[in-house]
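Report on the structure given below.
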Amino acid sequence: MTKVPAAAAAIAKAPSAKRSRLVAPKAVNEEISTRKNIIAQLQNEEGQITGSQLDIPMDITAEQLAALVNDILKNEEAVPYSFFINGQEIVDGLRDAILELKDRLSTEHVLPIVYHPQAVFKVKPVTRCTGSMPGHSEAVLSAAFNPRGDQVATGSGDTTVRIWDCFTETPQFTCKGHRSWILVITWSPDGSKIASGGMDSEVRLWCPKTGKQLGKELKGHSKWITSVAWEPQHLNEECDRLATGSKDGTVRIWNVNTGACEVILSSHTNAVQCLRWGGEGLLYSGSHDRTIKVWTPEGKLVRTLEGHGHWINTMALSTDHVLRTGATDHLGKQFATKALAKEAALERYNTSRGGKPERLATGSDDFTIILWEPSASKKPVARLTGHQQVVNQICFSPDGRYLASASFDKSVKIWDAASGKFLGNLRGHVEKVYQVCWSADSRMLISGSKDSTLKVWDLRTKKLKLDLPGHADEVYAVDWSPDGDELSPEAKTGLLKYGGLELALLLLAHMDAMGKALVIK
């Protein structure tokens with residue numbers, strides 16, 4: 001009999017042969033409630049066995065299991081882990097997790113415990129409002145942080161783009177040029193450019209260091225711009241190409257240096273509502289014609305994905321977080337050359353994929369979400385049902401393990417990103433939920449609603465962590481700084497609120513129609 005680390009208070013031994021049988025749930029509950037130990041086997045998310053089988057206490061905690069895994073793997077620095085049995089997370093103790101299982105459990109078999117590494121840094125929750133910044137004179141309709149999290153750009157109904165310094169909490173530049181509402185704001189993956197698109201059917205490029213327009217406006221669409229997607233940094237180190245989707249039903253690919261439209265993709269029969277440029281080099285466009293089309297950047301239609309019964313409102317890629325940030329991680333490392341930055345971006349992308357194909361999720365007015373592997377097949381991986389009204393937005397967690405969906409049925413739902421299994425329902429809003437966004441460590445989720453509140457949810461407990469009231473009107477969108485330091489939501493009133501958490505670990509920006517910005521710490 002071999003002792004394993006005291007952190008887990010477990011003893012490793014080879015179990016004797018036992019007869020296989022399934023016990024009725026009630027009998028299992030009675031046995032589990034009184035049982036002291038159980039034979040378990042640790043394994044990673046790919047199913048690879050870690051260490052030998054262990055005879056562990058039923059009261060062992062997730063923290064003790066993490067200490068055990070770190071010791072077995074001989075990690076030089078402790079890595080946080082989460083643990084699951086049959087898809088049920090071990091939140092407090094092993095016994096409680098087993099009792100919460102709905103499926104039958106064989107008490108005669110070895111219990112597999114699956115561990116997942118978590119982010120080594122933690123984002124802390126906001127506590128109070130500390131300031132106000134006037135700015136936009138109309139509703140703020142879009143906002144986005146740069147990859148480093150030290151600037152945020154906002155687009156408004158007042159036709160201006162504003163660039164804000166997140167550390168001094170002051171506006172840096174007001175960018176003028178658009179002739180109508182600005183609907184979309186996106187940063188290039190290297191943070192060197194900002195693209196804005198609006199109801200004037202034009203896309204304009206801005207320099208975040210000077211606030212000046214870069215080149216001429218990109219003209220060609222006949223109706224307003226609904227979405228903008230940059231080519232990933234690991235595919236293009238110059239970050240000089242982007243794609244735009246429009247109400248006119250077309251997708252256009254532009255070279256931002258020359259201002260030339262290189263390709264026009266025109267197979268959709270209705271408005272293009274959402275767009276993604278994937279890390280495998282493919283473009284994905286979702287339309288009101290109920291289809292998703294997969295394109296090469298050269299303009300070839302690879303396949304058409306069909307399955308939704310109504311408009312497609314939103315789409316998300318399992319690699320969105322690393323595609324958005326490129327080479328920039330939570331440490332903010334700088335690179336001497338663009339080639340080195342491209343290599344770092346490729347390494348982060350491959351790590352995020354984990355050797356698996358990119359997954360695409362699409363949400364629709366038909367109340368459903370569909371998971372796809374669009375680079376490999378046009379058949380859905382899973383159809384996620386449960387929402388009772390329109391699915392307005394979906395978002396993969398930065399670690400790619402979870403999918404969150406916001407719906408007009410006033411709820412937020414959490415799903416397993418690999419299988420599509422329903423994991424939890426987050427209820428608390430009393431009106432339509434417009435947007436959701438994950439913290440950089442994938443431990444928290446924030447939602448914005450028509451009820452004028454923001455709510456921060458704890459993924460581990462699936463419960464409300466913080467309620468952030470105070471907006472004068474609907475909260476239309478939310479963006480969390482990709483480096484884990486800040487967060488930016490926007491609301492109808494134009495009031496921009498920042499939230500910098502304890503130890504300056506989180507900055508939260510809310511948009512209200514009053515053209516101001518508040519800081520929450």
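- Looking only at distances, no side-chain donor or acceptor of Asp399 sits under 3.5 Å from a matching main-chain atom of Ser442.
- Gln151 is not listed as a side-chain neighbour of Phe145, based on a closest heavy-atom distance of 4.5 Å or more.
- In this structure, Glu298 does not pair ionically with Lys300, as no charged nitrogen and carboxylate oxygen lie closer than 4.0 Å.
- Residues Arg443 and Ser439 approach most closely at N-OG, 3.5 Å, considering heavy atoms.
- In this structure, the side chain of Ser156 engages the main chain of Ala139 through a donor-acceptor pair within 3.5 Å.
- In this structure a side-chain-to-backbone donor-acceptor pair under 3.5 Å is present from Ser246 to Lys223.
- A distance-only check finds no donor-acceptor pair linking the side chain of Asp416 to the backbone of Lys421 [under 3.5 Å].
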Can Trp457 and Ser447 be said to form a side-chain hydrogen bond (donor to acceptor under 3.5 Å, both in side chains), step by step?
-> CA-CA 8 Å; Trp457 309 90; Ser447 56; 2.9 Å; yes

Criterion side-chain contact (heavy atoms from CB on, under 4.5 Å) on Asp150 and Asp165, from CA distance to verdict | CA-CA 6 Å; Asp150 56 5; Asp165 185 299; over 6 Å; no

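- The main-chain N or O of His136 is never found under 3.5 Å from a side-chain atom of Glu138 such that the two would form a donor-acceptor pair.
- Between the Gln435 side chain and the Gly448 main chain, no donor and acceptor come within less than 3.5 Å of each other.
- In this structure, Trp415 and Phe422 have perpendicular ring planes: the angle between them is above 60°, well past the 30° mark.
- By the 6.0 Å contact criterion, NZ on Lys378 is open, its count of non-hydrogen atoms from other residues, nucleotides or ligands being 12 or less.
- Each of Glu358, Gln233, His234 was scored for a side chain to side chain donor-acceptor pair (under 3.5 Å) with Tyr349, with one residue passing: Glu358.
- Looking at heavy atoms from C-beta onward, Leu403 lies in side-chain contact with Ile369 at the 4.5 angstrom threshold.
- Between Thr154 and Trp164, the side chains place a donor N or O and an acceptor N or O closer than 3.5 Å (distance only, hydrogens not considered).
- Formation of a donor-acceptor pair under 3.5 Å by the Arg348 side chain with backbone atoms of Thr328 is found in this model.
- Thr174 and Arg162 are linked by a side-chain donor-acceptor pair at a separation below 3.5 angstrom, with hydrogens and angles left out of the test.
- Closest heavy-atom contact between Trp295 and Ser267: CH2-CB, 3.3 Å.
- Counting only heavy atoms from C-beta outward, the side chains of Val302 and Thr296 approach each other to under 4.5 Å.
- Heavy atoms from other residues, nucleotides or ligands lying under 6.0 Å from CH2 of Trp224 number 12 at most.
- Residues Asp190 and Lys338 are not paired through a salt bridge, judged by the lack of any N-O separation under 4.0 Å between the basic side chain and the carboxylate.
- In this structure, OG in Ser318 is found 8.0 Å from CZ in Arg359, a value given to the nearest 0.5 Å.
- Interatomic distance, CD1 of Ile414 versus OG of Ser405, reported as 7.0 Å (0.5 Å rounding).
- Salt bridge present: Asp458 and Lys465 bring a charged side-chain N and a carboxylate O closer than 4.0 Å.
- For Arg353, the CZ atom sits in a packed shell: over 12 heavy atoms of surrounding residues, nucleotides or ligands are nearer than 6.0 Å.
- For the side chain to side chain contact (heavy atoms under 4.5 Å, CB included) with Ile292, the qualifying choice from His268, Arg303, Glu306, His308 is His308, the only one to do so.
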List the steps and the verdict of side-chain contact (heavy atoms from CB on, under 4.5 Å) for Ile225 and Val203.
-> CA-CA 8 Å; Ile225 309 299; Val203 176; 4.0 Å; yes

Apply the test salt bridge (Lys or Arg N to Asp or Glu O under 4.0 Å) to residues Glu373 and Lys356: give CA-CA distance (whole Å), side-chain angles for both, the deciding distance (0.1 Å), then the verdict.
-> CA-CA 10 Å; Glu373 288 184 355; Lys356 302 174 183 177; over 6 Å; no

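- The two residues Arg383 and Asp366 have their closest heavy-atom pair at NH1-OD2, 4.3 Å.
- Taking the side chain as every heavy atom from C-beta outward, Asn313 and Val390 approach each other to under 4.5 Å.
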Give the C-alpha distance, both sets of side-chain angles, the deciding distance and a yes or no for side-chain hydrogen bond (donor to acceptor under 3.5 Å, both in side chains) between Gln273 and Thr226.
-> CA-CA 6 Å; Gln273 184 63 28; Thr226 58; 5.3 Å; no

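- Remark: His387 engages no residue in a ring-ring contact (aromatic ring centres under 6.0 Å, His included) (not counting sequence neighbours).
- Closest heavy-atom contact between Leu141 and Ile182: CB-O, 3.5 Å.
- Every residue meeting the side chain to side chain contact (heavy atoms under 4.5 Å, CB included) condition with Arg241, not counting sequence neighbours, appears here in chain and number order: Glu231, Asn236, Ile253, Glu262, Trp277, Pro297.
- By the 4.5 Å heavy-atom criterion applied to side chains, Tyr402 and Leu459 are counted as neighbours.
- The nearest pair of heavy atoms linking Ser287 to Asn270 is OG-O, 3.3 Å.
- Contact annotation: the side chain of Val184 never approaches that of Ser142 to less than 4.5 Å [non-hydrogen atoms, C-beta and beyond].
- Within the 4.5 Å cutoff, the side chain of Leu445 has heavy atoms near those of the Val412 side chain.
- A distance of 13.5 Å separates CH2 in Trp438 from CG in Asp320, rounded to the nearest 0.5 Å.
- Remark: Trp254 pairs with Leu218, His221, Leu242, Thr244, Arg252, Cys261 by the side chain to side chain contact (heavy atoms under 4.5 Å, CB included) rule, at least two apart or across chains.
- By the neighbour-count criterion of 12 heavy atoms within 6.0 Å, atom CD of Glu347 is sparsely surrounded, having that number or fewer from other residues, nucleotides or ligands.
- Between the side chains of Thr304 and Lys293, at least one donor N or O sits under 3.5 Å from an acceptor N or O.
- Interatomic distance, Thr186 OG1 to Asn146 CG, rounded to the nearest 0.5 Å: 12.5 Å.
- One side chain, Thr362 or Trp372, offers a donor N or O that lies under 3.5 Å from an acceptor on the other.
- Put simply, the side chain of Ile185 reaches to within 4.5 Å of the side chain of Val161, judged on heavy atoms.
- Note that CD of Glu280 is 3.5 Å distant from OG of Ser375, once rounded to the nearest 0.5 Å.
- For Lys455 and Asp467, the salt-bridge test passes: some basic side-chain N is under 4.0 Å from an acidic carboxylate O.
- Between the side chain of Ser364 and the main chain of His310, a donor-acceptor pair closer than 3.5 Å is present.
- The backbone N or O of Cys239 sits less than 3.5 Å from a side-chain atom of Lys193, completing a donor-acceptor pair.
- Without hydrogens or angle criteria, Asn255 side chain to Ala260 main chain gives no donor-acceptor distance under 3.5 Å.
- Here OG of Ser411 is found 13.5 Å from NZ of Lys432. Values are rounded to the nearest 0.5 Å.
- Looking at Tyr434 and Glu474, their side chains do bring a donor and an acceptor atom within 3.5 Å of each other.
- Scanning both residues, Cys395 and Ala316, for their nearest heavy atoms gives CA-CB, 4.3 Å.
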